[in-house]
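One structure is given below, encoded as C-alpha cells.
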Amino acid sequence: MAAAVAGVGAVLALADISSPLRGPLTLFFLIAAPGAAIGSALRGLDPWGRWISAVAGAFALDLLVAEAMIVTHRWSVTGGIVTIAAISVAGLLAPMVPARRLPGRAPGRRDS
C-alpha cells in the first residue's frame, strides 16, 4: 500500500499533474523510497531502531541530493525525484547481491 502511494506521488510530480495531493504524496515518496532502501539494509536492528535509522537516513539522503543539485546549479524537481528513485532502487538491490570472498582467504581465518 505504501509503495503504491509513493509511486502515485512520484508519477504526479514527474508528470507535472496539478492536484492537491501532489505535494503530500511526493513528500511521502521522498521519505518512503530511500527509507525502504535503508531499512532493508539494516535487518540486524530491532524494528524500532531500524525505523528511526531509515527515516533519519532518508532525510539525510534527500538533503544531500538537494544540496548537490543546488551547488551544481542543476536544481529541478524531476531531477531530484529521479535521483532519489535511482539511489533507492540501487539501495534496495544492493543487499540482494551476494558478497564474494577474496581468492585464497579462508572463511574463518584472520591475519594479524
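Residue Leu63 belongs to no hydrophobic cluster, having no ILVMFWY side-chain heavy atom closer than 4.5 Å to its own.
The minimum heavy-atom distance linking Ala85 with Phe29 is given by the pair CB-CZ, 3.8 Å. Gly91 approaches Ser40 most closely through the heavy-atom pair O-OG, 4.1 Å. The shortest heavy-atom contact between Ile38 and Gly57 is CD1-C, 3.4 Å. Across all non-hydrogen atoms, the minimal contact from Ser88 to Ala37 is O-CB, 3.5 Å. A pairwise comparison of heavy atoms in Ala13 and Thr78 identifies O-CG2, 4.3 Å as the closest pair. Taking every heavy atom of both residues into account, Pro34 and Ile31 meet most closely at CD-O, 3.8 Å.
Follow the hydrophobic side-chain contacts under 4.5 Å out from Phe59 and you reach Trp48 in the same cluster. In this structure, Leu92 is not a member of the same hydrophobic cluster as Val89, with clusters built from ILVMFWY side-chain heavy atoms closer than 4.5 Å. Side-chain heavy atoms closer than 4.5 Å link hydrophobic residues (I, L, V, M, F, W, Y) into clusters, and following such links, even through other members, never connects Val55 to Ile84. Taking hydrophobic clusters as Ile, Leu, Val, Met, Phe, Trp and Tyr residues chained together by side-chain heavy-atom distances below 4.5 Å, Leu61 does not share a cluster with Leu45. Put simply, Leu21 and Val5 are part of the same group of oily side chains (I, L, V, M, F, W, Y) that touch within less than 4.5 Å, one to the next.
Sorted pairs that involve residues 53-63 and meet salt bridge (charged side-chain N to carboxylate O under 4.0 Å, His left out), not counting sequence neighbours, are lacking altogether.
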So Val82 and Leu14, side-chain contact (heavy atoms from CB on, under 4.5 Å) or not? Walk me through it.
CA-CA 8 Å; Val82 169; Leu14 290 174; 4.0 Å; yes

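Listed by chain and residue number, Asp16 satisfy the side chain to side chain donor-acceptor pair (under 3.5 Å) test with Arg22 (two or more places apart in sequence, or in another chain).
In this structure, the separation between OG1 on Thr83 and CG on Leu64 is 12.5 Å, given to the nearest 0.5 Å. We find the OG-CG distance between Ser19 and Leu25 to be 7.5 Å, quoted to the nearest 0.5 Å.
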